[in-house]
Amino acid sequence: MTSYNKFNLDTQIIGIIGHPIKHTYSPLMHNISFELKNLNYIYLPFDVPFNTLKAAINGMVALGIKGFNITLPHKENILQYLKNVSEEASVIGAVNTIVNDNGSLNGYNTDVYGITESLMPYKDELMGSEMTVIGAGGAARSAIYALIRNFRPKNINIVNRTEQKAESLKEYFYSKMHFGNICSYELVPFDLVEVFRNSKLIINATSLGMIPNVDDAITTIPQSFTKGQIVFDFVYNPLQTKLLRIAEIEGATVIDGLKMLVYQGAKSFELWTGEQMPVDHILKALKLYISTN
Ligand code: NAP
C-alpha cells in the first residue's frame, strides 16, 4: 500500500497519455516497482484526446514531468514534438516512451524490447524460419522490426483484415530496412491454413480475442497449428485467449502478451530511473491482478 505522506518536493512524476486510458495496467506496474525499489516517483494516467496532444505535451514540459508513456491514438503523431528519436522508434514510426531531458523530449519504442525478450528463449529454433504476423498497426510494425533485427526470418507473411495495409507495410519495410522477403495477405482464415501451418512463428498483433470479445480469434481452424510451432498473442487480457487455447491443443508452444507488457515497461522504467524493474515480482503481481479482475 502506498503511503501518500512520502510524496514531497523531490517526488518525480511519470505519466501515461492516451485516449481512452482507463484500461491501462502501467500505473499499477510502475507504482509497485517504485515502491519496491524505494524510488521517490509516482506514475499517473492522463486522458488526452487526439486534438489536445500538443497542449498536453507543452504542459508536461512546463510542469517538469520526468517522462511518460504514449499510447493510442498518439504513438505516431507524437514524433513531431520530439528532439531525438531512437533508431527503432524512427524505423517503426511510433513511440511509446518519452524521457524529458530538461525540456528536450527523447522518444523510444520499448515494445520492441518486450517482443524480443518474450521470444529470446526460442531464439535457436526461430532463427532463419518462416514467420507470420497478423495485424498491420503499430504493434505489428514493432513485431516485424524485432523479427528482422533479431531472428533473421526466412520470410515474413503479413496478414491483415484490410489487405491494402498489409501491402503498404510490406513496401514500408523494404524501404526502411531493405528486407524484401515479405508476403502480404488478407485475413481469410480458410485460405491461409497452409500459410499458418508452415510458419514456425505466428504472432497475433491485432486486438482480436481481447475482453469483452473473448470468443474471437484470428482463426479457429485447428489445422492452422502444428506441434513445434510457436504462437504468440500480444493480447494480455485475458491471458489465455481463444487463439492460444486452440493452438495449445494442437501441440504448439504458446506465449501470452504479459511478458511483452512487463518487459516493455521494464525498459521504460530503466530509461526514466536508471534502475532495473523487479520484473519477476511484477509478472506475478500482474498475473494475479488480471486473473482476478
Ligand atoms: P492498432 O494500431 O489499432 O492496430 C490494430 C490491428 O488490428 C489492425 O491491423 C486492425 O486491422 C486489426 N483489427 C482490429 N480489429 C479487428 C477485427 N475485428 N478483425 C480483424 N482485425 C482487426 O493497434 P496496435 O497498437 O497495433 O495493437 C494491437 C494489439 O496489440 C492490441 O490488442 C494491443 O492491446 C496489443 N498490444 C499489446 C502489447 C503488450 O505489451 N502485450 C503492446 C502493444 C500492443 P485493420 O487494419 O483492418 O483495421
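Atoms within a ligand are numbered from 1 in the order they appear, just like the ligands themselves. Scope of the values below: all heavy atoms of this structure, side chains included, with no hydrogens, waters or symmetry mates. Just so we're clear, the structure is a prediction, and the values are computed from it rather than from any experiment. One-based numbering along the sequence shown.
- A donor and an acceptor atom, one from each side chain of Gln240 and Asp233, are nowhere located under 3.5 Å apart.
- Note: an N/O pair closer than 3.5 Å links Asn160 and ligand 1 by distance alone.
- In this structure Tyr41 satisfies the ring pair (Phe, Tyr, Trp, His ring centres under 6.0 Å) test together with Phe34, sequence neighbours excluded.
- What you find for Met29 and Gly265 is that their closest heavy atoms are CE-CA, 4.1 Å.
- Within a 4.0 Å radius of atom 12 (C) of ligand 1, the protein has at least one heavy atom.
- Of all protein heavy atoms, the one lying nearest to atom 1 (P) of ligand 1 is Gly137 CA, 4.2 Å.
- In this structure, atom 5 (C) of ligand 1 has its sub-4.0 angstrom surroundings free of protein heavy atoms.
- With hydrogens and angles disregarded, a donor-acceptor distance shorter than 3.5 Å links the side chain of Ser224 to the backbone of Ile221.
- Nearest-residue assignment for atom 39 (C) of ligand 1 (options Gln264, Met260, Glu186; heavy-atom criterion): Met260.
- Taking each heavy atom of Ile65 and Asn100 in turn, the nearest pair found is O-ND2, 2.9 Å.
- Contact between Asn160 and Ala166 at its shortest, heavy atoms only, is CB-CB, 3.9 Å.
- Of all the heavy atoms of Thr162, the ones lying under 4.0 Å from any atom of ligand 1 are found in both the backbone and the side chain.
- Proximity of Gly114 to ligand 1 is not established, as no heavy-atom distance is less than 4.0 Å.
- Scanning the protein heavy atoms around atom 26 (O) of ligand 1, the nearest turns out to be Ala139 N, 2.8 Å.
- Summary of contacts: the protein heavy atom closest to atom 18 (N) of ligand 1 is Arg161 NH1, 3.4 Å.
- Taking every non-hydrogen atom of Gly138 and a distance limit under 4.0 Å, the qualifying atoms of ligand 1 come out as 2 (O), 26 (O).
- Counting only distance, with no hydrogens or angles, the side chain of Gln264 and the backbone of Gly114 share no donor-acceptor pair below 3.5 Å.
- Using a 4.0 Å cut-off between heavy atoms, Lys165 contacts ligand 1 through its side chain alone, with no backbone atom that close.
- Heavy-atom proximity to Ala205, at under 4.0 Å, picks out these atoms of ligand 1: 28 (C), 29 (C).
- When all heavy atoms are compared, the tightest approach of Met131 to Leu126 is CE-O, 3.3 Å.
- Taking atom 19 (N) of ligand 1 as the reference point, the nearest protein heavy-atom neighbour is Leu208 CD1, 3.5 Å.
- Listed by first then second residue, pairs satisfying ring pair (Phe, Tyr, Trp, His ring centres under 6.0 Å) with a partner in residues 220-260 read Tyr25-Tyr236, Phe232-Phe234, not counting sequence neighbours.
- Residue, atom and distance of the protein heavy atom nearest to atom 34 (O) of ligand 1 are Met210 SD, 4.1 Å.
- Of the listed residues (Asp256, Thr206, Val262, Asn213), the one carrying the non-hydrogen atom nearest atom 7 (O) of ligand 1 is Thr206.
- Contacts with ligand 1 closer than 4.0 Å are made by no heavy atom of Ser142, backbone or side chain.
- Looking at Gly135 next to ligand 1, no N or O pair under 3.5 Å apart turns up.
- Note: no N/O pair closer than 3.5 Å links Leu187 and ligand 1 by distance alone.
- Within ligand 1, the atoms closer than 4.0 Å to a non-hydrogen atom of Tyr236 are 39 (C), 41 (N), numbered from 1 in the order shown.
- The protein heavy atom nearest to atom 32 (O) of ligand 1 is Ser207 CA, 3.2 Å.
- At the top of the distance list for atom 3 (O) of ligand 1, counting protein heavy atoms only, stands Leu72 CD1, 4.3 Å.
- Classification of Glu194 and Arg197 as a salt-bridged pair fails, no side-chain N sitting under 4.0 Å from a carboxylate O.
- Closest to atom 35 (C) of ligand 1, if we only count protein heavy atoms, is Phe234 CB, 4.0 Å.
- A distance-only check finds no donor-acceptor pair linking the side chain of Glu125 to the backbone of Tyr122 [under 3.5 Å].
- Shown here for Gly107 and Leu82, the closest heavy-atom pair between the two residues is CA-CD1, 3.8 Å.
- A distance-only check finds no donor-acceptor pair linking the side chain of Lys267 to the backbone of Asp111 [under 3.5 Å].
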